[in-house]
Amino acid sequence: MDSILSKLKGDKAIWIVVAILAMISIVAVYTSTKALAFKYTGGSTEIFALRHAFYLIIGFGLMYIAHLTDYNYYSKIAQIVLIACIPILILTGIFGRDGRWIDFPFINLSFQPSELAKVALIMYLARMITLKQKTIKSFKDGFFPIFGPVFLICLLIFPSDLSTATLIFITSLIMMFIGRVHFKHILSLITLTIVTATITISVLFSLPDETLQTARLLTWKHRLIQYAEDWTTHYADMDVSKQTTQARIAIATGYPTGLGPGKSRQKNFLPEAYADYIYSIIIEEYGFFGVFGILFLYLFFLYRSILIFERSAGTFGALLAISLAISIVTQAMMNMMVNVGLLPVTGVTLPLVSRGGTSIVMTCIAIGVILSVDHYSSLKKGRKKKTKALPAKPITKRTNPFKLGKI
Amino acid sequence: MKKAKRDIFRRVNLVLLLMLIAGAAIIAQVLKIQIREGNHWEQIMRDKTRTRDVKGERGDILSEEGEILVVSLPYNQIAMDPLADGLLQDKDYFWDNIDGLCKKLSQHFGDKSPQEYKNLILTSRKKESRNRNIILDEAATTREVKEMETWPIFERGQFKGGFIVRKYQKRIYPYGELAKRTLGCVREDLPSVGIEAAYDNWLNPEVLPISQINTAGNNWIDVEVLQEYPEDGHNIHTTLNLELQTIVHEALYKSLDQFQASHGCVVVLEVETGKVKAMVNLTKDGKNGYSEKYNYAVGTCTPPGSTFKPAVALALLEDNKASLNTFVNVEGGKYKFYDVLMRDDHPPAEDEMTLQRCIEHSSNVGIAKLANDAYPGKDGARQLTKSLEYMMLNRMTGIKIPGEGQPYFTRLGDPNWSGVTVPFTTIGYEVLLTPLQLTSFYNAIANDGKLMKPYLVDKVKRDNKVVLQNEPFFVKQIANLSNVKQIQKALRGVVIRGTAKGIRSDKITMAGKTGTALISKPKAKDKKYQSSFIGYFPAEKPKYTVAVIISEPQGQYYGSKVSAPVFKEIAEKCYVREYDWQQAVNEAPALAKRATSQAPPTKGGDKQDLKTIYQYLEHPFQDETISDWANVTSNGKNVKFEKRPIFDRMAEGLVPNVLGMGLRDALYELENKGFKVRHKGAGKIIQQSIPAGEEVKPGTVIEIELG
């Protein structure tokens, strides 16, 4: 055990948080895939849980590799991947399944390029914000080079996957805020977005449904109507056939300590309970422990990432770590808010917990990068201290094999 | 740079604060849903969601040779809702067609006139006597439902025409009373019985729950779709032989009716294996004669009476206390043990009798005196019990249907033990055994001392795959072979020259023991007896052990007069049935030809088989079809094989036409071609799921419906 722990570098608390989330995830997915299992395998839930566990193991492997790689590498990798993502996203949008997925037919796996683009974009933004710190308040040299790529990626993703696009956009806004982009620019951007959204919504409601049907727009219209209805109609008049209602029933049934593991009833009524609505199912089965436990784990994860930010050496590393952490926690918060009905229904998953291969793998890599920042900056600090203590030894002259030079 | 980072750090903490606020909002919302709205959501869950069970079909119970003894058939309850939305909205349609519907109803059910039906429907429509569920038929077949769907008004279905069809499964016993109690039934109000109860878990079909929600307009809709149908229950293949069961049932019925007995039972065991080949239990049922009401064979413990003597004799032989030739003074058939007088039913011819003659003539005094002397005092009593227990007479047979009676012996130390317990035990009182337990013991005698566990279920199958196979279970050798042979000799003597010499047959050799037990209190005015005969046949190489137990016969009560003739009838009928016991009588076809001057009537079937039969009978026939299946027309002399209009020769791999065939022929035809067959209903095939001439892969499941 000790030897395993000693091989894991970086913040141990984050490792533990991730391990707990993964375990909750396996149990929750195992119990909530019942309906799915009946449909496709004649009742064997194990296949889905095993598949999910398999993704988690892959994710942990990649996380391990990622955290042993000097985070400075990611600066370069992010640029390459982000550029590569542009044609991939375009092709997926045209030829992929639902415009979101690339299927690998023979190995029975599918890949969601938007997840990759999301992580690459965040890494790229961390780099740009670091590089542009001196001119960050200017529109041309600060705001524009940072927001340009965000706009491009969101533009490519949103036709097929508005939820992910929205998530990326919100995460980017938060990053711009912490990256000290001029507040005026951010505010104008938000205003502009609200105006655009208002115009889009009014267009949505003025066009006939038949026209909307072709481009998933109808779904969005319905979701908006539904969300509006959820707020405006009294809860007693809500339609039972809606998933928001079913999610609320699940949450209500979970009071106070839940029905117990695997006892969820609502998993049969909530479509794809193992994906977007897994938090409701966790609340139904574990009650308050589920509500607070999951929330605590993500917030604690953010807190530990802030500590990494504080103790890391350079700006890039610090910004990289905190940006990735914020993107994960933002996604989690959005998902939970959708579950309890604070946000309209979006297809945002609960990172590390929901079923979904690409999302799990990319989240694991992101956490690996955060840990790498912690590990390598402490390594550097350690080295500096050692050089001070033993000035006679020519360690400083040795080239650091991990160092890439100036970013 | 340092300054910038500090600024970023501040902003990051602001983001953390933002997230904490979001977290607090989530918790607040959860609490709102759980506490403020909680009752409401739980109410919604109870009222608006439910699960619906989708069941497969319960398995069938089959005879040894595969005849279906119990089967689930789909039935339909037919009801009418005269206030259905469609009938209220489209009033003209209703009034135009109501007479037509009532005419059909009257024609179909024949219990009411059209006018009466019309009155019934119209009153139900009135406000004061609203009835939205007029039940018209409790058990309509699918075929009838199809017909009803063409009637006026009903043609519009449930919502527009008020035609309500509720499907349900009903257990059907195609052979009526035959073995009904042994086959059993599953009941909700009373304990379930028989094979149905014992194998309930196997028979039960898979049940898959489907979640449903109640949407606007009070419609329950499924929220999930089952991709796979739930599996049907397993089929139980019993050891019961339908033919034997029929023979036994009829023979027992006749006798019960003749003697107006209260009830009776017969158990037939296959000697070598212990298979229960037939089990009949008949209870007097008022005017209806006798019916299967209670499983006496398994459930009731009664004093075996004289049929217990062979067990005591075997104990005497085993313990070297006597041999068949040991003489005993029978005291003229009357003897007092202490103050209790014991008599022989049949006055003895001699003063001194051997043990063998005591069995043959069923001398109570003889056996009792021999045993009383052989097992003196408390030690003796103990030893007798031990010897009987060694033969497993104190054990239940462990037959797998619920309710087997527990054997009873009055033992040393029991409150009702007395000095006369030993002599009275030897003549089958102070002992309680079920007919099955006693039959099992006799079966061991017939089987040269090898006690086999009786069993009723041969195998459990699903989709033609054997899931559970019961093998004959050898319990133990209950006695030395030489001693068992001695008892066999005595039992043979019973039929040759003893109490059962009345049933001697020139057709088949039998061996057995009569028994007459007083089952009412000894001093009661109205004495009630139980007559029994337990034996086996053929005596030289026993094949079946049969016990015939008849309770409270009127007029006659001796086992030799009441039960033994039933045994004889069963044995003789079995003799006719089992060809290998007989010498071949009709080796020459000429015999058969002479016997039937007319061509035997044939409906039709596999042409090759038909040819073989007619060629064997040397009866001329004309073959007028190239098909493998033929219809036979015959005026008694001329036999013609004609093309069955619907059966055509089919190329390999194509689905044959089986419409109009019987089940057996259809199964043969389809399964020979490599298809899997699922069938429903009974009668002739009226529908096949894949039409003839389709090219489908072997192994495809074809569903056929009989009606």
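Here the structure is a predicted model, which means the values were calculated and not measured. By convention in this document, chain letters (A, B, ...) are assigned in the order of the sequence lines, proteins followed by strands, and residues within each chain are numbered from 1.
Neither the backbone nor the side chain of A/Ser280 comes within contact range of chain B; no heavy atoms are under 4.5 Å apart. Contacts between A/Ile251 and chain B at a heavy-atom distance below 4.5 Å involve backbone atoms as well as side-chain atoms. Neither the backbone nor the side chain of A/Ile136 comes within less than 4.5 Å of any heavy atom in chain B. If you measure heavy-atom distances from A/Val340 to chain B, the contacts under 4.5 Å come from both the backbone and the side chain. For A/Ile283, the part lying under 4.5 angstrom from a heavy atom of chain B is the side chain only. Contacts of A/Phe288 with chain B are made by side-chain atoms alone, with heavy-atom separations under 4.5 Å and no backbone atom involved. For A/Ile306, the parts sitting under 4.5 Å from any heavy atom of chain B are the backbone and the side chain alike.
B/Asn39 CG: 12 or fewer foreign heavy atoms inside a 6.0 Å radius. Environment of CZ in A/Phe289: sparse, with no more than 12 heavy atoms of neighbouring residues, nucleotides or ligands closer than 6.0 Å. In the displayed structure, A/Lys137 atom NZ is contacted under 6.0 Å by more than 12 heavy atoms of other residues, nucleotides or ligands. Counting heavy-atom neighbours within 6.0 Å of B/Lys400 NZ, excluding the residue itself, gives a total of 12 or less. In this structure, A/Tyr303 places its OH atom where only 12 or fewer heavy-atom neighbours from other residues, nucleotides or ligands lie under 6.0 Å away. Counting non-hydrogen atoms of other residues, nucleotides and ligands closer than 6.0 Å to CZ of A/Phe183 gives a total of 12 or fewer.
Distance CD/A/Glu310 to CZ/B/Arg6: 11.5 Å, rounded to 0.5 Å. Atom CZ of B/Arg11 is separated from atom CD1 of A/Ile322 by 14.0 Å, given to the nearest 0.5 angstrom. If you take CG on A/Asn339 and CD on B/Gln29, they are separated by 11.0 Å, rounding to the nearest 0.5 Å. Taken from CD in A/Gln246 to CE in B/Met45, the straight-line distance is 10.0 Å, to the nearest 0.5 Å. To the nearest 0.5 Å, atom CD1 of residue B/Ile27 and atom CZ of residue A/Phe292 are 4.0 Å apart.
Chain B forms the most heavy-atom pairs under 4.5 Å with one residue out of A/Ile174, A/Leu299, A/Ile129, and that residue is A/Leu299. With chain A as partner, the option from B/Ile26, B/Leu18, B/Leu14 having the largest number of non-hydrogen pairs under 4.5 angstrom is B/Ile26.
Heavy-atom minimum distance, A/Gln133 versus B/Ala4: OE1-CB, 4.0 Å. Taking all atoms of both residues into account, the shortest heavy-atom contact from A/Met337 to B/Ala22 is SD-CB, 4.3 Å.
A/Phe296 is linked by a side chain to side chain contact (heavy atoms under 4.5 Å, CB included) to A/Phe300, counting only residues two or more places apart in sequence or in another chain.
Contact annotation: the side chain of B/Lys5 approaches that of A/Phe309 to within less than 4.5 Å [non-hydrogen atoms, C-beta and beyond]. Taking 4.5 Å as the limit, some side-chain heavy atom of B/Ile35 sits within range of a side-chain heavy atom of A/Tyr255.
Residues of residues 323-330 of chain A that come closer than 4.5 Å to chain B, counting heavy atoms only, are A/Ile326, A/Val329, A/Thr330, ordered by residue number.
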